[in-house]
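Worksheet: one structure, shown below.
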Amino acid sequence: MTITAQFLEQYKSLEAVLRSILSPDMTVLRYEDQSSDPEKLRMCRLVRNFLQHTPDAAGFIVPTEEMRRFLKQETARVAAQAEKAKDLSYRPAPIKLSHTWQQAFRLFVKAGADWLPVVDDKSQLVGVLTKDALFLALSSGKDITATPVQSCYPTKGWKKTLDEYVVCDCEVILPSVPLDKVILVRVGKYSGVIDLR
């Protein structure tokens, strides 16, 4: 992933945290004066706006690693104000084992995510599907309109996909969990995710 893509992802994470912790209509512009360094955040906002609204000028302005790190620190600073994990979560539609690969692809596009939770027909969390696994499946030559996602792993193999993720109850008190790759459940059922990279 390029530094520009990482920067834009981190900016998006900051926006999501601002909206979930401070107010649903909070923007980076409105938050700037409350930032630990308003000038740095203003510069990040200007660079992000340029990159977002002038895509054919990519490469003309390239964000620095320091800018990405600052956004990550600012995201963590705001996230620290959350009391419970559910306060930081969002709920992208999960992939169901019965979905076809084509349906899974559409959910990834809609969510703009690198990974999505996989659930059974009772919304019980069974695993995680990453973009890499999705693209591998899409390039396998199978009929993506008919082949179910379930075919990716044997039944017990799905549990192994959870190894890199933290699964916790949505009422857990923060900061007892890391703030990336977290899947929230309530009574075993999928409830949301936290991914603040």
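In this structure, Thr130 has no side chain to side chain donor-acceptor pair (under 3.5 Å) partners at least two apart in sequence or on a different chain. In this view, Ser139 satisfies the side chain to side chain donor-acceptor pair (under 3.5 Å) rule with no residue, not counting sequence neighbours. Scanning for side chain to side chain donor-acceptor pair (under 3.5 Å) contacts around Gln73 gives an empty result, with sequence neighbours left out. Evaluation of the salt bridge (Lys or Arg N to Asp or Glu O under 4.0 Å) rule for Lys96 yields no partner, not counting sequence neighbours. Shown here are the salt bridge (Lys or Arg N to Asp or Glu O under 4.0 Å) partners of Glu65, two or more places apart in sequence or in another chain: Arg68, Arg69. For Glu15, the salt bridge (Lys or Arg N to Asp or Glu O under 4.0 Å) test picks out no residue, with sequence neighbours left out. Gln52 is linked by a side chain to side chain contact (heavy atoms under 4.5 Å, CB included) to Leu8, Arg48, counting only residues two or more places apart in sequence or in another chain. Leu138 meets the side chain to side chain contact (heavy atoms under 4.5 Å, CB included) test with Trp101, Phe105, Leu134, Phe135, Ile144; sequence neighbours excluded. Scored by the side chain to side chain donor-acceptor pair (under 3.5 Å) test, Thr4 finds no partners at all (sequence neighbours excluded). For Asp25, the salt bridge (Lys or Arg N to Asp or Glu O under 4.0 Å) partners at least two apart in sequence or on another chain are Arg30.
What you find for Arg42 and Asp33 is that their closest heavy atoms are NH2-OD1, 3.7 Å. Across all non-hydrogen atoms, the minimal contact from Glu32 to Pro38 is O-CB, 3.4 Å. Of all heavy-atom pairs between Ala104 and Ile95, the closest is CB-CD1, 4.0 Å. Residues Asp143 and Thr145 approach most closely at OD1-OG1, 2.6 Å, considering heavy atoms. The shortest non-hydrogen separation linking Pro94 to Leu107 is O-CD1, 3.6 Å. Counting all heavy atoms, side chain and backbone alike, Ser98 lies closest to Pro148 at O-CB, 4.3 Å.
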- Task: Take Thr54 and Phe60 through the side-chain contact (heavy atoms from CB on, under 4.5 Å) test and state the conclusion after the steps.
- Result: CA-CA 10 Å; Thr54 321; Phe60 183 70; over 6 Å; no

- Task: Walk me through it: do Phe70 and Leu41 pass the test side-chain contact (heavy atoms from CB on, under 4.5 Å)?
- Result: CA-CA 8 Å; Phe70 171 73; Leu41 188 56; 3.9 Å; yes

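Counting only residues at least two apart or in different chains, salt bridge (charged side-chain N to carboxylate O under 4.0 Å, His left out) contacts with residues 101-112 are absent. Pairs passing the salt bridge (charged side-chain N to carboxylate O under 4.0 Å, His left out) check and including a residue from residues 115-134, sequence neighbours excluded, read Asp114-Lys131.
Within 6.0 Å of the CE atom in Met43, the count of heavy atoms belonging to other residues, nucleotides or ligands does not exceed 12.
The side-chain heavy atoms of Leu129 and Phe108, taken from C-beta on, include a pair separated by under 4.5 Å. Counting only heavy atoms from C-beta outward, the side chains of Leu71 and Pro63 never approach each other to under 4.5 Å.
A donor-acceptor pair shorter than 3.5 Å cannot be found between the side chains of Asp37 and Ser35.
The line from CG of Leu18 to OG of Ser13 is 10.5 Å long, rounded to the nearest 0.5 Å. One finds the CG atom of Leu14 at 12.0 Å from the CZ atom of Arg45 (value rounded to the nearest 0.5 Å).
Transitive grouping of hydrophobic side chains (ILVMFWY, heavy atoms separated by less than 4.5 Å) keeps Met67 and Leu46 in distinct clusters. When the side chains of ILVMFWY residues are joined at heavy-atom separations under 4.5 Å, either directly or via intervening members, Trp115 and Leu136 end up in two distinct hydrophobic clusters.
Here the side chain of Gln10 pairs no donor or acceptor atom with the backbone of Phe7 at under 3.5 angstrom.
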